[in-house]
Protein chains: 2
Amino acid sequence: MPLIKVKMLEAEGGQGAVKPTGRKRARAQTRIQREKQEVILEAALDVFSREGFRGATIDQIAEAAGMSKPNLLYYFPRKEEIYKRLMTAMLDVWLAPLREIDSDGDPVTELRSYIRRKIEMSRDYPRQSRLFANEMLQGGPRVLDVLETDLKGLVDEKVQIMEGWMDAGKIVRTDPYHMIFSIWATTQHYADFDVQVRAVLGKDRGGEGRFEDAARYLENLFLHGLLPKER
Amino acid sequence: MPLIKVKMLEAEGGQGAVKPTGRKRARAQTRIQREKQEVILEAALDVFSREGFRGATIDQIAEAAGMSKPNLLYYFPRKEEIYKRLMTAMLDVWLAPLREIDSDGDPVTELRSYIRRKIEMSRDYPRQSRLFANEMLQGGPRVLDVLETDLKGLVDEKVQIMEGWMDAGKIVRTDPYHMIFSIWATTQHYADFDVQVRAVLGKDRGGEGRFEDAARYLENLFLHGLLPKER
DNA sequence: CAGAAATTTGACCAGTTGGAAAAAACGTTA
DNA sequence: TAACGTTTTTTCCAACTGGTCAAATTTCTG
């Protein structure tokens with residue numbers, strides 16, 4: 001049960017495809033509607049994640065989706081609704097790994113696989129990560145309330161689990177909030193700063209293997225740190 | 001001697017203030033020119049770091065700078081030049097801490113103070129961080145070459161230092177590139193994702209103290225990891 | 001202070017932007 | 001196949017965009 005479902009769902013509104021005709025009873029979506037909406041959202045993810053909300057234009061999205069602007073507007077009557085749809089969908093997917101952290105699991109295993117999953121997300125859904133990053137850079141005007149309620153709630157919940165692990169001496173006593181931040185930061189970095197990562201690694205090391213390297217490095221960092229065990 | 005000075009300096013061009021009149025010999029800048037350019041760059045940093053290059057408008061910048069658009073264009077004849085100026089200045093400041101890493105210093109001290117400095121940068125110059133992040137999200141079209149040459153060069157240099165430390169058994173043998181990435185990621189996170197950090201920490205813990213907390217947590221993470229020393 | 005140079009303003013422009021409206025084309029089903 | 005609902009296209013618009021230009025104003029310098 002996704003905790004982050006949220007009030008942004010109010011994005012629906014409009015007439016075109018979503019709320020078919022006039023005041024009649026809403027009809028089930030046609031095949032075309034489902035397909036085209038999918039194509040549009042896919043194209044919009046591309047554009048919004050690169051340019052941000054203001055920087056993206058409906059024309060760009062329409063072109064990427066292979067249709068005319070008015071045609072696109074038939075499915076999503078305003079730019080903002082496409083964006084909102086993407087944001088809710090993204091948040092839902094994006095936080096799944098955090099939700100999966102299990103208080104009953106072995107702390108080391110749980111942390112390890114959380115890091116793994118987050119790196120895999122950066123590898124497999126980099127645009128979603130960038131979409132979110134873009135929103136954050138702008139000060140999160142369209143998701144701030146969600147962050148303060150749903151996200152904070154979810155994090156608080158997981159923080160308690162970690163405090164339990166600390167009490168049990170399974171992990172070192174430290175700040176659980178910053179712990180979570182550091183996992184987010186290090187893993188999402190590989191999506192958000194992908195260009196930089198590849199530029200610095202160079203042609204030879206910048207291949208797909210970089211995600212595996214990153215995962216291995218991060219596991220060690222988080223578990224053991226950089227200092228040798230015996231000195 | 002800043003390694004990152006770069007070809008972007010070609011940003012200069014134009015007529016207005018920068019290259020005073022016609023083909024005459026370039027004259028020294030007046031007081032007003034220096035002042036206004038400063039005001040403009042300050043305002044532009046605000047806008048660009050929030051909206052990205054495309055999302056920002058000259059009007060917004062002009063208003064933030066308290067002047068009319070044509071007046072602003074008198075000092076910087078095109079939008080792109082303001083942006084380039086900001087980018088070079090930012091890169092220079094932003095990479096200073098990395099340059100300072102000293103191969104002769106004590107590894108632990110050096111790493112510690114690198115992390116410290118980076119966190120302080122995020123606290124004191126968050127907009128510069130966001131400006132850079134924005135550029136990265138867009139795929140770095142205006143700095144890619146700089147990253148591939150100057151930045152990579154600088155990083156390679158520091159990577160060697162770290163390999164030296166590993167050879168000497170001072171720090172654990174690990175991937176030095178990802179090591180640097182993880183320091184960048186964790187520290188810059190506090191500037192780039194500031195909204196999120198504050199939303200999750202909540203009113204009580206989201207005050208200025210968060211940077212000190214972050215620094216303390218990160219020092220421990222990087223040196224010792226999350227696992228207890230003896231189990 | 002006069003004159004020149006530097007700065008600021010207002011009017012303007014062509015291209016882009018988000019979006020509306022209506023008509024045309026298409027698909028489905030009674 | 002006729003009628004209806006769905007989808008697409010064409011045309012259009014007002015606001016905004018980056019930028020120009022000449023005239024007006026202010027500041028500096030001798």
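Side chains are part of it too, since the values below use all heavy atoms of this structure and drop only hydrogens, waters and symmetry mates. To find a chain, count down the sequence lines: A is the first, B the second, and so on, and within it residues start at 1.
- Distances shorter than 4.0 Å separate none of the side-chain N or O atoms of A:Tyr75 from OP1 or OP2 on D:dT6.
- Atom NZ in A:Lys36 sits roughly 13 Å away from atom P in C:dC26 (whole-Å rounding).
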Please list, pair by pair, any protein nitrogen or oxygen found under 3.5 Å from a nitrogen or oxygen in nucleotides 10-19 of chain C.
| unit_1 | atom_1 | unit_2 | atom_2 | d |
| --- | --- | --- | --- | --- |
| C:dT17 | OP1 | B:Arg54 | NH2 | 3.2 |
| C:dG18 | OP1 | A:Ala56 | O | 3.3 |
| C:dG18 | OP1 | A:Ile58 | N | 3.4 |
| C:dG18 | OP1 | A:Lys79 | NZ | 3.2 |
| C:dG18 | OP2 | A:Ile58 | N | 2.9 |
| C:dG18 | N7 | A:Lys69 | NZ | 2.8 |
| C:dG19 | OP1 | A:Arg78 | NH1 | 3.2 |
| C:dG19 | OP2 | A:Lys79 | N | 3.0 |

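- Residues that satisfy the ring pair (Phe, Tyr, Trp, His ring centres under 6.0 Å) test with A:Trp184, not counting sequence neighbours, are A:Phe181.
- Sorted by first and then second residue, the pairs that involve residues 38-49 of chain A and meet side chain to side chain donor-acceptor pair (under 3.5 Å), not counting sequence neighbours, are A:Glu42-A:Arg127, A:Asp46-A:Arg127.
- Contact check, B:Gln33 against C:dA6: no side-chain N or O comes under 4.0 Å of OP1 or OP2.
- The structure places CG of A:Asp124 at 8.5 Å from CE of A:Met121, a figure rounded to the nearest 0.5 Å.
- Residues forming a side-chain contact (heavy atoms from CB on, under 4.5 Å) with A:Glu148 (at least two apart in sequence, or on another chain): A:Leu144, B:Ala199.
- Listed by first then second residue, pairs satisfying side chain to side chain donor-acceptor pair (under 3.5 Å) with a partner in residues 187-197 of chain B read A:His178-B:Tyr190, B:Ser129-B:Asp192, B:Asp194-B:Arg198, B:Asp194-B:Arg210, not counting sequence neighbours.
- Taking side-chain N and O atoms only, B:Tyr74 has no distance below 4.0 Å to OP1 or OP2 of D:dC21.
- Atom-to-atom, CD1 of A:Ile40 to P of D:dT7 comes out at 11 Å; the value is rounded to the nearest Å.
- Whole-Å rounding puts the B:Ile82 CD1 to D:dG18 C1' distance at 11 Å.
- A salt bridge (Lys or Arg N to Asp or Glu O under 4.0 Å) check over residues 59-75 of chain B, counting only residues at least two apart or in different chains, returns the pairs B:Asp59-B:Lys69.
- Rounded to whole Å, the distance from CD on B:Glu35 to C1' on C:dT8 is 16 Å.
- Listed by chain and number, the residues in a side-chain contact (heavy atoms from CB on, under 4.5 Å) with A:Glu110 are A:Ile101, A:Asp102, A:Trp165 (sequence neighbours excluded).
- Applying the side-chain contact (heavy atoms from CB on, under 4.5 Å) criterion to A:Pro70, with sequence neighbours excluded, gives A:Ser68.
- Relative ring orientation between A:Phe48 and A:Tyr83 is described as perpendicular, the plane-to-plane angle rising above 60° on a 0-90° scale split at 30° and 60°.
- Partners of B:Asp156 according to the side-chain contact (heavy atoms from CB on, under 4.5 Å) rule, which considers only residues two or more places apart in sequence or in another chain, are B:Lys152, B:Tyr177.
- Over its length, the helix from C:dC1-D:dG30 to C:dA30-D:dT1 turns its helix axis by 10°, as judged from the five terminal pairs at each end, rounded to 10°.
- Every side-chain hydrogen bond (donor to acceptor under 3.5 Å, both in side chains) that B:Ser182 has, sequence neighbours left out, goes to A:Tyr217.
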Contact letters for nucleotides 23-30 of chain D, in which S counts primed atoms plus P, OP1 and OP2 and B counts the base, heavy atoms under 4.0 Å: -----S--
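- Counting to the nearest Å, the P atom of C:dT9 and the CG atom of B:Leu72 are 12 Å from each other.
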